[in-house]
Amino acid sequence: MAMASIAKRKACFLTRNLSNSPSADAFKLSYSLTKFSRRFATLGSEENDVVVIGGGPGGYVAAIKAAQLGLKTTCIEKRGTLGGTCLNVGCIPSKALLHSSHMFHEAQHSFASHGVKFSSVEVDLPAMMAQKDKAVSTLTRGKNIIIATGSDVKSLPGIIIDEEKIVSSTGALALQQIPKKLVVIGAGYIGLEMGSVWARLGSEVTVVEFAPDIVPSMDGEVRKQFQRTLEKQKMKFMLKTKVVGVDTSGNGVKLTVEPASGGDQTTLEADVVLASAGRTPFTAGLGLDRIGVETDKGGRILVNERFATNVSSVYAIGDVIPGPMLAHKAEEDGVACVEFIAGKHGHVDYDKVPGVVYTHPEVASVGKTEAQVKALGVEYRVGKFPFLANSRAKAIDDAEGLLKIIAEKETDKILGVHIMAPNAGELIHEAVLALAYDATSEDISRVCHAHPTMSEALKEAAMATHDKPIHI
């Protein structure tokens with residue numbers, strides 16, 4: 001039996017569906033941590049070494065790692081299943097719908113050019129949703145206190161989410177009909193991914209963003225090309241725009257918008273509005289103030305390099321602490337935190353955590369953007385390679401995108417890698433490994449890459465960074 005499976009048996013996972021459980025109050029997160037600690041003492045004949053509050057990617061991974069290290073562990077989760085937002089109503093179901101909608105879009109627009117023809121192509125939305133739900137259900141079966149309660153949808157002034165006309169990402173994953181018009185508030189990862197899903201299925205999608213650019217954390221050059229690509233896919237963008245009024249009295253929704261700097265107002269009509277302005281740490285009701293755990297103005301729990309709060313034996317990981325709000329970052333936090341508790345050494349470098357937008361093409365990045373390197377005053381070189389010159393991309397008729405490497409001029413050390421391409425989320429990990437070991441662009445260029453593959457673009461961009469590429 002695999003070590004992870006053995007560890008799961010050693011770790012006690014307590015899950016409750018709070019809406020149905022008669023003993024729900026005993027497990028609600030509205031209880032203070034002091035009440036939690038007293039509750040945990042009654043869970044078994046012996047006290048726990050570690051209690052994890054939250055069974056999301058950070059929490060359940062921390063619990064498994066603690067059990068692997070021989071610590072008596074209990075993980076408490078308010079849902080009836082483990083996996084948290086990511087697995088239940090976030091990463092996994094959204095990727096299932098992204099894949100299904102991409103298949104539909106390809107059947108409509110691309111199969112014929114490859115010699116595959118249909119008399120008609122239709123969307124069976126209930127079947128698509130059932131496939132998404134199956135993916136989720138399949139994956140969810142799977143006395144130090146670690147707070148791993150994750151994050152929640154960030155609220156917007158004057159906008160009330162009812163999950164019918166105005167939906168969060170959770171509601172956008174469960175729509176029963178394809179909206180004719182969909183307005184997305186927020187041009188971040190989640191907004192663009194969900195907007196992409198429904199645009200492929202036939203919705204007229206308009207994205208409203210307060211900032212002057214989509215995905216502000218993205219490299220500027222890649223961002224501009226990415227936006228142009230999404231516009232080719234018929235997604236519309238209203239940047240530097242704010243929502244100042246919402247009317248849901250009719251059959252649909254009317255949004256009043258105006259320039260972010262002020263000016264003339266206009267009205268947008270939609271069947272459904274997706275509020276996707278980011279996420280906020282879920283710490284409300286934990287009773288942190290009762291035991292004196294320090295938080296910042298945004299509600300994030302402050303921790304040191306060992307993930308310890310200012311209160312003895314209380315730790316925090318994942319979305320409730322500063323750093324990228326990403327499932328894989330939370331997993332790394334969980335492992336490192338438990339290693340510290342067990343007297344070992346843990347480590348997470350937030351500068352080397354990859355980020356991926358799972359649209360098509362995907363956009364993935366790790367390290368610093370060109371603007372960030374400029375701001376640091378570091379002299380640098382840039383190497384780029386377009387996927388239009390990549391043999392595999394041309395062979396599959398999916399060649400829109402580029403690969404960009406930023407390296408320090410004096411040492412050639414790679415500082416950042418940015419990819420827009422099909423499967424960019426898979427391609428990025430060679431770059432993550434390169435950054436982790438302080439590799440140079442020449443190091444990558446001298447490694448043999450299989451032909452024909454998308455990954456050859458990374459080798460070519462590396463050659464372009466310190467010398468010259470071959471195939472362009």
Side-chain angles (χ1 to χ4, degrees), residues 85-86 89-102 104-105 132 151 153-154 156 166-173 175 178-179 181-243 255 257 260 268 270 272-279 324-327 354-365 369 398 400-402 418-425 428:
T85 295
C86 173
V89 292
C91 313
I92 300 303
S94 66
K95 303 314 169 283
L97 286 185
L98 280 160
H99 179 66
S100 296
S101 62
H102 177 61
F104 171 70
H105 188 268
K132 176 260 299 182
S151 60
V153 177
K154 190 174 184 179
L156 292 168
I166 301 180
V167 301
S168 67
S169 55
T170 301
L173 289 166
L175 295 178
I178 300 171
K181 292 184 178 181
L182 173 70
V183 172
V184 179
I185 303 175
Y189 285 39
I190 297 173
L192 296 182
E193 288 179 0
M194 295 314 304
S196 177
V197 166
W198 295 106
R200 292 171 189 167
L201 298 180
S203 296
E204 182 182 316
V205 177
T206 301
V207 181
V208 178
E209 170 58 50
F210 184 83
D213 299 295
I214 66 172
V215 197
S217 61
M218 191 179 288
D219 181 82
E221 183 177 8
V222 176
R223 180 199 303 129
K224 289 178 182 177
Q225 184 167 340
F226 182 40
Q227 182 176 335
R228 287 195 295 268
T229 297
L230 294 178
E231 288 171 339
K232 288 180 185 177
Q233 297 173 11
K234 298 184 179 180
M235 290 177 66
K236 299 176 183 177
F237 293 89
M238 296 181 69
L239 304 177
K240 295 192 284 188
T241 303
K242 61 182 177 181
V243 177
L255 294 178
V257 300
L268 293 177
V272 176
V273 172
L274 167 59
S276 182
R279 299 185 66 82
M325 284 185 164
L326 298 169
V356 185
V357 185
Y358 293 94
T359 49
H360 189 89
E362 295 177 349
V363 179
S365 62
T369 65
D398 202 352
E400 189 160 10
L402 79 158
H418 307 275
I419 309 172
M420 174 181 156
N423 298 320
I428 196 64

What are the two closest non-hydrogen atoms of [X] and [Y], and how far apart are they?
| X | Y | answer |
| --- | --- | --- |
| His360 | Pro422 | CE1-CB, 4.0 Å |
| Val272 | Val167 | CG1-CG2, 3.9 Å |
| Gly195 | Leu182 | CA-CD2, 4.5 Å |
| Phe210 | Ala260 | CE1-CB, 3.6 Å |
| Arg223 | Asp213 | CD-CB, 3.4 Å |
| Ser168 | Val153 | CB-CG2, 3.7 Å |

Do [X] and [Y] have side chains that get closer than 4.5 Å, going by heavy atoms?
| X | Y | value |
| --- | --- | --- |
| Gln225 | Val222 | no |
| Val357 | Glu193 | yes |
| Arg279 | Ile190 | yes |

With rounding to the nearest 0.5 Å, note down the distance linking [atom1] in [X] to [atom2] in [Y].
| X | Y | atom1 | atom2 | value |
| --- | --- | --- | --- | --- |
| Tyr189 | Thr359 | OH | OG1 | 10.5 Å |
| Leu230 | Phe237 | CG | CZ | 4.5 Å |
| Leu274 | Leu175 | CG | CG | 8.5 Å |
| Ile185 | Met238 | CD1 | CE | 11.5 Å |
| Ile214 | Met235 | CD1 | CE | 8.5 Å |

Partners passing salt bridge (Lys or Arg N to Asp or Glu O under 4.0 Å) against Lys242 (at least two apart in sequence or in another chain): Glu258
Output all residues satisfying side-chain hydrogen bond (donor to acceptor under 3.5 Å, both in side chains) with [X], sequence neighbours left out; order by chain, then residue number.
| X | answer |
| --- | --- |
| Ser196 | Arg200 |
| Glu231 | Gln227 |
| Thr229 | Glu400 |

Non-neighbouring partners of Lys234 that pass side chain to side chain contact (heavy atoms under 4.5 Å, CB included), sequence neighbours left out: none
N/O donor to acceptor pairs below 3.5 angstrom from side-chain atoms of residues 201-209, sequence neighbours left out:
{"residue": "Ser203", "atom": "OG", "partner": "Pro179", "partner atom": "O", "Å": "2.5"}
{"residue": "Ser203", "atom": "OG", "partner": "Trp198", "partner atom": "O", "Å": "3.4"}
{"residue": "Glu209", "atom": "OE1", "partner": "Ala187", "partner atom": "N", "Å": "2.7"}
{"residue": "Glu209", "atom": "OE2", "partner": "Ala211", "partner atom": "N", "Å": "2.9"}

Working for side chain to side chain contact (heavy atoms under 4.5 Å, CB included), residues Ile428 and Glu362: CA-CA 11 Å; Ile428 196 64; Glu362 295 177 349; over 6 Å; no
Check against side chain to side chain contact (heavy atoms under 4.5 Å, CB included), Val184 and Met194: CA-CA 9 Å; Val184 179; Met194 295 314 304; over 6 Å; no
